[in-house]
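In what follows, a structure is listed as structure tokens, so that the remarks can point back to it.
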Amino acid sequence: QVQLVESGGGLVQAGGSLRLSCVASGSIASLKIMGWYRQAPGNQRELVASISVDGTPTYADSVKGRSAISRDAAKNTVDLQMNSLKPEDTAVYYCNVGAIRPYWGLQDYWGQGTQVTVSS
């Protein structure tokens, strides 16, 4: 099993910043695409940002220009730096990774989620 541990969420004032971190552990041969999703009550879970193996990032339009996603292959981590936070950024943020496990091949994994609350 692959375990994802997220951290960095919390309560922040509008205009502030947070850095979310996700660490993957377990039986992993390699990690493929890694990303962050978020879901607010009543809303669909949506992609915030993702990053490919070669480092190519993808951002949702709502966070372009104020977010940066990065990954560290040596540590099996993916981080999301979020600046200029807005109340509409309030959601539970989930780490998502595609991982290749020995024998089992490629599987999709989700973290438990970390709450981000942005106050006005």
Side-chain angles (χ1 to χ4, degrees):
Q1 181 70 19
V2 173
Q3 303 290 333
L4 305 180
V5 178
E6 300 141 315
S7 62
L11 176 64
V12 65
Q13 299 266 48
S17 299
L18 286 174
R19 188 175 184 88
L20 307 182
S21 183
C22 174
V23 181
S25 63
S27 182
I28 302 170
S30 64
L31 293 171
K32 297 303 180 183
I33 194 166
M34 306 178 75
W36 288 91
Y37 289 71
R38 67 186 180 189
Q39 187 169 22
N43 289 351
Q44 202 91 28
R45 186 171 297 186
E46 63 177 359
L47 175 70
V48 180
S50 65
I51 183 166
S52 67
V53 174
D54 67 6
T56 302
T58 298
Y59 297 99
D61 289 341
S62 59
V63 303
K64 284 181 180 177
R66 58 188 183 94
S67 297
I69 190 168
S70 60
R71 65 190 291 165
D72 187 329
K75 299 178 180 179
N76 285 345
T77 61
V78 58
D79 290 358
L80 180 66
Q81 176 70 40
M82 300 184 67
N83 303 316
S84 301
L85 286 162
K86 306 172 182 179
E88 52 262 44
D89 293 320
T90 296
V92 178
Y93 284 69
Y94 297 91
C95 180
N96 175 252
V97 306
I100 295 179
R101 293 203 292 154
Y103 180 80
W104 296 105
L106 180 63
Q107 293 186 314
D108 192 52
Y109 294 91
W110 292 89
Q112 81 286 353
T114 184
Q115 177 71 46
V116 172
T117 302
V118 184
S119 62
S120 300

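Because the structure is a prediction, the values reported are computed rather than measured.
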Are Leu20 and Leu47 connected in the hydrophobic side-chain network, where two residues link if heavy atoms are under 4.5 Å apart? no
Is Trp110 atom CH2 crowded by more than 12 heavy atoms from other residues, nucleotides or ligands, each under 6.0 Å away? yes
Once you round to the nearest 0.5 Å, how far does CD of Gln81 lie from OG of Ser17? 5.5 Å
Please walk me through it: do Val53 and Ile33 pass side chain to side chain contact (heavy atoms under 4.5 Å, CB included)? CA-CA 6 Å; Val53 174; Ile33 194 166; over 6 Å; no
Atom pair CD (Glu46) and OG (Ser62), whose distance is rounded to the nearest 0.5 Å: 5.5 Å
Please give me the minimum heavy-atom distance between Ser70 and Arg19, naming the atom from each residue. OG-NH2, 3.6 Å
Measure the spacing between CG of Asn43 and OG1 of Thr90 and express it to the nearest 0.5 Å. 11.0 Å
When you group the ILVMFWY residues by side-chain heavy-atom contacts below 4.5 Å and let the links chain together, are Val97 and Ile51 in the same group? yes
Contacts of type side chain to side chain donor-acceptor pair (under 3.5 Å), residue Lys64, not counting sequence neighbours: Asp61
Assigning hydrophobic clusters by single linkage (Ile, Leu, Val, Met, Phe, Trp, Tyr; side-chain heavy-atom cutoff under 4.5 Å), is Leu85 placed with Leu80? yes
Count the heavy atoms of every other residue, nucleotide or ligand shown that sit under 6.0 Å from CD of Glu88, and state whether that count exceeds 12. yes
Identify the heavy atoms of Val116 and Gly9 that sit nearest to each other, and give their distance. CG2-CA, 4.2 Å
To the nearest 0.5 Å, how far apart are NZ in Lys86 and CZ in Arg66? 4.5 Å
Consider only side-chain heavy atoms of I, L, V, M, F, W and Y, link residues closer than 4.5 Å, and tell whether Met34 and Leu4 are in one cluster. yes
Say whether Gln3 and Ser25, considering side chains only, have a donor N or O and an acceptor N or O under 3.5 Å apart. no
Could you give the distance from OG (Ser21) to CG (Asp72), rounded to the nearest 0.5 Å? 9.5 Å
Does any non-hydrogen side-chain atom of Pro102 lie less than 4.5 Å from one of Ser27? yes
Tell me, do Ile69 and Val78 make a side-chain contact under 4.5 Å, heavy atoms counted? yes
Can Asp54 and Arg71 be counted as an ion pair, charged N to O under 4.0 angstrom? no
Over-ring placement of Arg38 relative to Tyr94, 6.0 Å and 45° cut-offs: no
Nearest-0.5 Å distance, SG of residue Cys22 to CG of residue Asp79: 9.0 Å
Going by heavy atoms in the side chains, are Trp36 and Ser50 under 4.5 Å from each other? no
Is the side chain of Ser30 donor-acceptor paired with the backbone N or O of Ile100 at a distance under 3.5 Å, no angle test? no
Is there a side-chain contact between Thr114 and Val92, using heavy atoms and a 4.5 Å cut-off? no
Tell me whether Val48 is reachable from Val23 by hopping between hydrophobic residues (I, L, V, M, F, W, Y) whose side-chain heavy atoms are closer than 4.5 Å. no
Measure from the side-chain N and O atoms of Glu6 to the backbone N and O of Gln112, and report whether any donor-acceptor pair falls under 3.5 Å. yes
Can any side-chain N or O of Tyr109 pair as donor or acceptor with the backbone N or O of Cys95 at less than 3.5 Å? no
Here the pair of heavy atoms bringing Ala14 nearest to Ser120 is CB-CA, 4.4 Å
Side-chain heavy-atom pair Arg101, Gln107 within 4.5 angstrom cut-off: yes
